[in-house]
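Computed over heavy atoms, backbone and side chain alike; hydrogens, waters and symmetry mates excluded. Everything numeric in this text was worked out from a predicted model, so none of it was measured. Numbering starts at 1 and runs along the sequence shown.
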Amino acid sequence: MLNFDRDRFVQIQSGAVAVAGEVRSLMRTLRADGVERLFFMGTGGVQFLTLPAIELAQRCSTFPVSGAYPAQVVIDPPAGLDSKAVVVIPSLSGTTKEGVELMAFLKKRGVRTISLTGHSDTPIAREADHNFTNFAEDDTSSESFYLQTLLIVLALLEERGEYDDFDGTVAELKLLPDLLADAKAAFEDKAAELAQTIKDDTYHIFTGAGSVWPQAHYYGMCILEEMQWIRTRPVHAADFFHGTLELVEPGVSVFVFKGEDALRPLTDRVENFARRYTDRVRTLDAASVKLPGISAKVRGMISPVLLATLLERLSAHLEVLRNHPLTTRRYYKRVEY
């Protein structure tokens, strides 16, 4: 496999799942202390990675769980951002400027904080009331953040009596790191072929629904736009037929991300339409990944994890074929803005 260290990957994703016990204990403590609201506040792409967990909470509970961007919050904070709230701040580097500013802002308001970082000796890790550090880097962070935020919400739901198999779910998730590595290996040839096919494309439409919509948005914006300088148009499948459909014509590249949840029919509809008008429809389907030992219930919650792990293989081949390392930037952390 191209530029892939299986042992490193498995160790990192195992570390993400390993926080389950501490997260469960923390959520019990916070609830006992009177926490009444939960926010996820990440900057840029990492906020997308919290959205499946937020949507799960909103679907299963009346407990207020929502997300917001730190740069916006410090200017115009949402209602309820007080001592009864807890804010989860994910930051791979632990140094994200907007996250550091948010942490100081929240401390002044008496808001409790949980940080999820890839490095412990960093401002966002040190200043949080509670920190979970799981070393990761760009090529492994998506799965790690998806899993950690999922565990936070599942622990909250379990504590409220709205999810009754936390331990069983965690037991299944502990199988996932090795299974994800197997999925990467199985997808390797397809990833290489797809990268060869699209390496010269200058524009893609990305669409998805349900838990995989954030991954469609993330891959378009944070990988192809930021890391490969390729223009994309991410659009939710529910909105596809209210504007973006008019851009579909022969030769237009459309990526359809399909999950295993209730909103899958929305992506089926887009796929069926797009295939009538362009020969460049690429479908990535979480249901295609073999996961022995993982129940349908859990599969329905981890579709974005599965697609993220397959897409990393596509990215690995693209950067080589295009002679454009994923670390190359023109502006990000290079100029003042």
Side-chain angles (χ1 to χ4, degrees), residues 3-5 8-20 22-23 39-54 67-71 73 87-104 106 113-153 176-177 180 184 214-215 217-228 302 304-305 307-309 311-313 315-316 319 325-329 331-334 337:
N3 297 332
F4 180 66
D5 183 334
R8 167 180 168 271
F9 174 82
V10 170
Q11 181 178 2
I12 290 170
Q13 306 315 329
S14 297
V17 179
V19 305
E22 292 180 73
V23 164
F39 295 90
F40 288 86
M41 297 183 182
T43 297
V46 73
Q47 181 64 3
F48 296 155
L49 305 179
T50 72
L51 296 181
I54 294 172
Y69 286 108
V73 170
V87 173
V88 179
I89 306 174
S91 170
L92 180 60
S93 69
T95 62
T96 310
K97 178 181 177 182
E98 293 90 340
V100 173
E101 293 176 351
L102 174 67
M103 188 71 74
L106 295 176
T113 54
I114 302 170
S115 63
L116 306 175
T117 58
H119 306 274
S120 58
D121 189 21
T122 57
I124 293 175
R126 290 192 303 264
E127 295 300 317
D129 295 312
H130 309 278
N131 170 253
F132 296 96
T133 292
N134 181 47
F135 170 78
E137 294 176 294
D138 284 342
D139 61 328
T140 54
S141 63
S142 292
E143 298 96 328
S144 180
F145 282 124
Y146 276 137
L147 290 169
Q148 288 177 301
T149 52
L150 173 62
L151 287 167
I152 287 172
V153 164
L176 199 56
L180 292 176
K184 285 179 182 287
Q215 182 60 31
H217 199 171
Y218 177 90
Y219 196 76
M221 189 182 91
C222 299
I223 307 301
L224 293 193
E225 290 185 347
E226 179 181 332
M227 300 183 181
Q228 289 294 289
I302 61 170
V305 181
L307 295 190
T309 218
L311 286 161
E312 183 276 327
R313 292 289 79 210
S315 303
E319 70 170 341
L326 296 167
T327 54
T328 300
R329 303 288 187 278
Y331 310 117
Y332 183 63
K333 293 187 177 181
R334 293 182 179 275
Y337 49 83

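What you find for R334 and R329 is that their closest heavy atoms are NE-O, 2.9 Å. Closest approach of I124 to S115, counting heavy atoms only: O-OG, 3.0 Å. The heavy-atom pair separating D129 from T113 by the smallest distance is OD2-N, 2.9 Å. Between V100 and P123, the closest heavy-atom pair is CG2-CB, 4.0 Å. The two residues G45 and Y218 come nearest to each other via the heavy atoms O-CD1, 3.4 Å. Scanning all heavy atoms of the two residues, the minimum distance from I152 to F40 falls at CG2-CZ, 4.1 Å.
Of the possible donor and acceptor atoms, none in the side chain of K184 sits under 3.5 Å from a partner among the backbone N and O of R313. For the pair T140 (side chain) and A136 (backbone), a donor-acceptor distance under 3.5 Å is absent. Side chain of Q148 to backbone of V17: no donor-acceptor contact under 3.5 angstrom is found. In terms of modelled atom types and a separation under 3.5 Å, the side chain of E98 and the main chain of A71 share no donor-acceptor contact. Although no hydrogens or angles enter the test, the distance criterion places a donor-acceptor pair under 3.5 Å between the side chain of Q47 and the main chain of G42. Side-chain atoms of T50 never come within 3.5 Å of backbone atoms of V46 as a donor-acceptor pair (strictly under, hydrogens ignored).
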- Task: Carefully, step by step, assess S93 and K333 under the rule side chain to side chain contact (heavy atoms under 4.5 Å, CB included).
- Result: CA-CA 12 Å; S93 69; K333 293 187 177 181; 4.2 Å; yes
- Message: Could you walk me through whether L92 and D138 satisfy the side chain to side chain contact (heavy atoms under 4.5 Å, CB included) test, starting with their C-alpha distance in whole Å, then the side-chain angles of each, then the deciding distance to 0.1 Å, before giving a yes or no?
- Response: CA-CA 8 Å; L92 180 60; D138 284 342; 3.4 Å; yes
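How far OG of S91 is from CE of M41: 15.0 Å, rounded to the nearest 0.5 Å. In this structure, CG in L106 is found 12.0 Å from CD in E127, a value given to the nearest 0.5 Å. Taking CD1 of I302 as the start and CG of L307 as the end, the distance is 10.5 Å to the nearest 0.5 Å. Rounded to the nearest 0.5 Å, atoms CD1 (I223) and OG (S315) are 5.0 Å apart. Once rounded to the nearest 0.5 Å, the distance linking NE2 of H130 with CD of E22 reads 11.5 Å. The structure places CG of N134 at 11.5 Å from OG of S120, a figure rounded to the nearest 0.5 Å.
When side chains are defined from C-beta on, L180 does not count as touching E312, because their heavy atoms never get closer than 4.5 Å. Counting heavy atoms from C-beta on, the side chains of L147 and Q13 come closer than 4.5 Å. With contacts defined as side-chain heavy-atom distances shorter than 4.5 Å, the pair Q228/L326 qualifies. You'll find the side chain of V87 stays beyond 4.5 Å of the side chain of V73, heavy atoms only. A heavy-atom distance below 4.5 Å is found between the side chains of H119 and F135.
Aromatic ring orientation, F9 versus F4: tilted (interplanar angle from 30° to 60°).
Between the side chains of T133 and T117, at least one donor N or O sits under 3.5 Å from an acceptor N or O.
For CD of Q11, the number of neighbouring non-hydrogen atoms (other residues, nucleotides, ligands) closer than 6.0 Å is 12 at most.
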